[in-house]
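Residue numbering restarts at 1 for every chain, and letters A, B, ... go by the order of the sequence lines. None of the values given here were measured: they were computed from a predicted structure.
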Amino acid sequence: MSEARDAILASIRRSLGRGSLSAAEAKPLDERLVGGKPHIIPRRVEDTAAWPDLFRAKVESIAGTVDEVADVSEIPAAIERFLGRRNEPNGVVVSPDPVFEGLPWGDASTLDVCFGAPGGKDEVTVTKAFAGIAETGTIMVATGPDHAATASFLPEANIVVLFKSRLVGAMEQAWARFRAEHGAGMPRAVHMVTGPSRTADIAQQLELGAHGPRRLHIIIVGDG
Amino acid sequence: MYEPMSHAFKESAHAALADPDLQQAMAKLKTGFQTKRRVAVDGLPEFDALRDRAREIKDHVFLNLDYYLERFEAKLTEQGGNLHWCQTGEDARQAVLDICRKANARTVTKGKSMVAEEIGLNDFLTANGIEPVETDLGEYIVQLAEEPPSHILAPAVHKTQDQIADLFLEKHTKFGKTQRRDNSRALVDEARQVLRQRFFDADVGITGANFLLAETGSIVVVTNEGNGDLTQSLPRIHIVVTSIEKIVPNREDVSVILRVLGRSATGQEMSAYTTFATGPRRSDEIDGPDEFHVILLDNGRSKMLEGAFRDVLRCIRCGACMNHCPVYAAVGGHTYGWVYPGPIGAVLTPALIGVKEAGHLPNATPFCGRCEEVCPMRIPLPRMMREWRRREFEGKMSPPAVRYGLKLWGWAARRPAFYRLGTGLAMNLLGRLGRRKGRFRSLPLAGGWTGGRDFPAPEGKTFMARWSAGERGR
């Protein structure tokens, strides 16, 4: 396929009327490639104190739900609250994250908890957000040893735990944080999730839960 | 590449206008897409500034496209992915088939991909004994109906709910679904149940890509249903079918474009799922594919960089131009006869399959300019349609009557005194003939116009004549 590679690159250069770039010409491009310089950040995220309210309002405007607890130890009870209220089955598949493994699950007697990746019939998953983006009510999650991609897509309901300290204003701020923690590389997948799965492919009528979760519930955990 | 039917635009348009089901389905376009976009755009004061920046980003990429493609390749390879450069649709289909064969694949699930449509991937795989299963609900519907998509975002927008209910009853009986569903909720649930097992059974998952990120070697996929993510996370192999113009330098650049994409497409601030996928599953990860392949198609795009049509490469396939096009709304997507319908199709199709086949498309426009007005990437679509018309005319591809008519008009238009004399006489005549009724039900040489509506009678004098006579200021 290297013949095709050469031919395509040559055709591009022919159309642009130049040869390949010299090292000096490529230098500013190399600098740009690293990223890290935001363009236009919407004014709606200027007020950092308003991020929690903005985040909640945005999530609710796209049919997601939000709960808030002061401490990680309250997560199992918050999950029960969410599921109990709606008579959900109690099987819960939780991401194998050290934060979750140490929780007092025994206190939540209506939950049947297992850790790992979900199968096609598991109805509820619990995952941890890398960040929450107030601008659009978006959750950012990343695959790794403690998170399976399918946990965000297979179940009927996905419960996402977001630490308040991980709430940012705009997408660019989430990426800045991502670079700070992960370096320049990327895991297999980073997902930005904005509300539950949806489709309007049948006569333009909006329905939730096309292939992914019908319900997206976010538990914000305070720093307490 | 599937057999283009663009040359039959006129005949197809007549049929479409007389199709009551199509007209019922298309009537919803305005409330569905146009209103939602308006609300979303009004909610972001920075929208126009973001459009300008988005345009600058892509223009910058095109001037350095060779550089960015090489960097994308280096990053992708570093992360364990494979890049397949393909000059033609045939090369791209063959590359996909080779990967599937090597893996002994029997079924592949597919996320929505316009490039896969462009290269006719489904028919090719089927002919080679591999079953492609579309998983985007709209694509799934048109696949069941054995039709091409009619909209780049909402492939089944031409179908009514009743038609879909009948289709599901017919095709899902073999899965034990024998009840006809009479609401969209139940239809969505049924498709979810039927497709769920197919996601797990597939050997290969094929998706498109909205963007290719040079900074990290990632492919970016934007969806609402979540099918694209099940397609790329569950099978052993993920193949991305995409094209060279989709490169964006870095994550800040793509953030700009994402802000205009969702709003322009469906009126969402963000689509439900924006996924950055980078190479195969790492050794310490819980799920994901073992192989990650990117099929990178040129198919004439590198040549389009040359000049007149470079701007159209900025297109991010949001569909806003077709959602706001009066011609598209009247005749639907199938009438355009190939993969890309609406205003973007009227510009892109002649570039990809030739103006000889697709010459009708840039002619099917009232030049109202709505498409350019709503295009998030500020593509001057009407100007480019005009350029295709010019080439069609100069290449002597339009019918002789049209060419001689235009030549005659051009000759007169360059002689203002003569032109004014001619129009003055004509208006005078028409004004007197039509004075009583104020309109004409038929006119010689204008049957095409008066076949559908009356022609309003002129008042008797031309604008120029009235202006010269001092009649102004009213």
* Between B:Arg301, B:His158, B:Gln232, which shows the greatest number of heavy-atom pairs under 4.5 Å with chain A? -> B:Gln232
* **Segment of A:Asp146 engaging chain B (4.5 angstrom heavy-atom cut-off)** => backbone
* Taking all atoms of both residues into account, what is the closest heavy-atom pair of A:Ala149 and B:Asp287, and its distance? -> N-OD1, 3.0 Å
* Measuring heavy-atom distances to chain B, does A:Glu135 have an atom under 4.5 Å in its side chain, in its backbone, in both, or in neither? -> both
* Structure fact -> Given B:His151, B:Gln163, B:Gln79, the one with more heavy-atom pairs under 4.5 angstrom with chain A than any other is B:Gln79
* **Minimal non-hydrogen separation, B:Arg282 against A:Met186, with atom names** => NH2-O, 2.8 Å
* Is it the case that more than 12 heavy atoms not belonging to A:Glu25 sit under 6.0 Å from its CD atom? -> yes
* Show your reasoning for whether side chain to side chain contact (heavy atoms under 4.5 Å, CB included) applies to B:Glu70 and A:Arg5. => CA-CA 10 Å; B:Glu70 287 178 314; A:Arg5 181 184 190 277; 3.7 Å; yes
* Asked: Contact part of A:Val34 toward chain B, heavy-atom cut-off under 4.5 Å: side chain, backbone, both or neither?
  -> backbone
* Asked: Residues two or more places apart in sequence or in another chain: which of them pass side chain to side chain donor-acceptor pair (under 3.5 Å) with A:Asp201?
  -> none
* How far does CD1 of A:Ile8 sit from CG of B:Leu296, to the nearest 0.5 angstrom? -> 6.0 Å
* Name all residues meeting the salt bridge (Lys or Arg N to Asp or Glu O under 4.0 Å) criterion together with B:Arg251; count only those two or more places apart in sequence or in a different chain, and write none if there are none. => B:Glu215
* Contacting moiety of A:Arg32, where chain B heavy atoms sit under 4.5 Å -> both
* Side-chain heavy atoms of B:Val188 within contact of A:Ile202, under 4.5 Å -> yes
* Residues B:Phe200, A:Leu154; criterion side chain to side chain contact (heavy atoms under 4.5 Å, CB included); working and verdict -> CA-CA 11 Å; B:Phe200 282 95; A:Leu154 280 175; 3.9 Å; yes
* Structure fact -> dist A:Ser11:OG -> B:Asp66:CG (nearest 0.5 Å) comes out at 11.0 Å
* 4.5 Å side-chain heavy-atom contact, A:Ser197 and B:Tyr273 -> yes
* Which residues from residues 170-182 of chain A are near chain B, with near meaning under 4.5 Å between non-hydrogen atoms? -> A:Ala170, A:Met171, A:Glu172, A:Trp175, A:Phe178, A:Arg179
* Top contributor to chain B contacts, counting heavy-atom pairs under 4.5 Å, from A:Ala189, A:Pro196, A:Pro187 -> A:Pro187
* Rounded to the nearest 0.5 Å, how far does CZ of B:Arg185 lie from CG of A:Leu206? -> 9.5 Å
* Please confirm whether the backbone N or O of A:Gly36 pairs with a side-chain atom of B:Glu252, one donor and one acceptor, at under 3.5 Å? => yes
* To do: Indicate the atoms forming the closest heavy-atom contact of B:Val157 with A:Gln204, along with that distance.
  => CG2-NE2, 3.3 Å
* Roughly how far, to the nearest 0.5 Å, is the CD atom of B:Glu245 from the CD1 atom of A:Ile12? -> 10.5 Å
* Asked: Does a side-chain N-to-carboxylate-O contact under 4.0 Å join B:Glu306 and A:Arg14?
  -> no
* Asked: When rounded to the nearest 0.5 angstrom, what is the spacing between OG in B:Ser255 and CD1 in A:Ile41?
  -> 7.5 Å
* Could you look at A:Ala148 and say if it's the side chain, the backbone, both or neither that has a heavy atom under 4.5 Å from chain B? => both
* Structure fact -> Sorted by chain and number, sequence neighbours left out, side chain to side chain contact (heavy atoms under 4.5 Å, CB included) with A:Pro52 holds for A:Lys164, A:Leu167
* Asked: If every non-hydrogen atom of A:Gly35 is compared with every non-hydrogen atom of B:Asn250, which pair is closest and at what distance?
  -> CA-ND2, 3.5 Å
* Would you check, one step at a time, whether the test side chain to side chain contact (heavy atoms under 4.5 Å, CB included) holds for A:Arg188 with B:Ser233? => CA-CA 10 Å; A:Arg188 205 278 296 176; B:Ser233 301; 3.2 Å; yes
* State, to 0.1 Å, how close A:Ala203 and B:Ile164 come at their nearest heavy-atom pair, and which atoms those are. => N-CD1, 4.5 Å
* **salt bridge (Lys or Arg N to Asp or Glu O under 4.0 Å) evaluation trace for B:Glu269 with A:Arg44** => CA-CA 13 Å; B:Glu269 296 200 323; A:Arg44 67 163 77 147; 2.8 Å; yes
* **Greatest number of heavy atom pairs closer than 4.5 Å to chain A - which of B:Arg310, B:Gln197, B:His60** => B:His60
* Pair A:His191-B:Asp229, side chain to side chain contact (heavy atoms under 4.5 Å, CB included): steps then yes or no -> CA-CA 9 Å; A:His191 304 286; B:Asp229 288 285; 3.2 Å; yes
* List the atom of B:Tyr67, the atom of A:Ala26, and the distance in Å for their closest heavy-atom pair. => CE1-CB, 3.9 Å
* Side chain to side chain, B:Phe62 and A:Leu16, heavy atoms closer than 4.5 Å -> no
* Asked: Where do A:Arg214 and B:Asp189 land on the salt bridge (Lys or Arg N to Asp or Glu O under 4.0 Å) test, with the steps shown first?
  -> CA-CA 11 Å; A:Arg214 189 177 302 190; B:Asp189 286 343; 2.8 Å; yes
* Asked: A:Ile139, A:Thr199, A:Thr136: which one forms the most heavy-atom pairs within less than 4.5 Å of chain B?
  -> A:Thr199
* To do: Please examine the side chains of B:Asn64 and A:Leu21, heavy atoms only from C-beta on, and report whether any two atoms are closer than 4.5 Å.
  => yes
* B:Trp85 side chain reached by A:Asp6 side chain, heavy atoms, under 4.5 Å -> no
* Asked: Is it the backbone or the side chain of B:Ser218 that comes under 4.5 Å from a heavy atom of chain A, or both, or neither?
  -> side chain
* Asked: Does the distance from a Lys or Arg side-chain N to an Asp or Glu carboxylate O, for B:Arg192 and A:Glu207, drop under 4.0 Å?
  -> no
* Carboxylate-amine/guanidinium proximity below 4.0 Å for A:Arg198 and B:Glu225 -> no
* Structure fact -> Assert top hit (heavy-atom pairs under 4.5 Å, partner chain B, pool A:Leu9, A:Val190, A:Leu29, A:Val141) equals A:Leu29
* **Under 3.5 Å side-chain donor-acceptor pair for A:Glu3 and B:Gln87** => no
* Asked: In terms of heavy-atom pairs under 4.5 Å, which option from B:Phe47, B:Phe292, B:Tyr68 contacts chain A the most?
  -> B:Tyr68
* Structure fact -> Pair count under 4.5 Å, heavy atoms only, with chain A: among B:Met270, B:Glu78, B:Gln161, B:Arg71, highest is B:Met270
* Structure fact -> Interface check, chain B: of A:Gly144, A:Gly195, A:Ala117, most non-hydrogen pairs under 4.5 Å belong to A:Gly144
* **Close aromatic pair by centroid cut-off 6.0 Å: A:His211 and B:Phe199** => yes
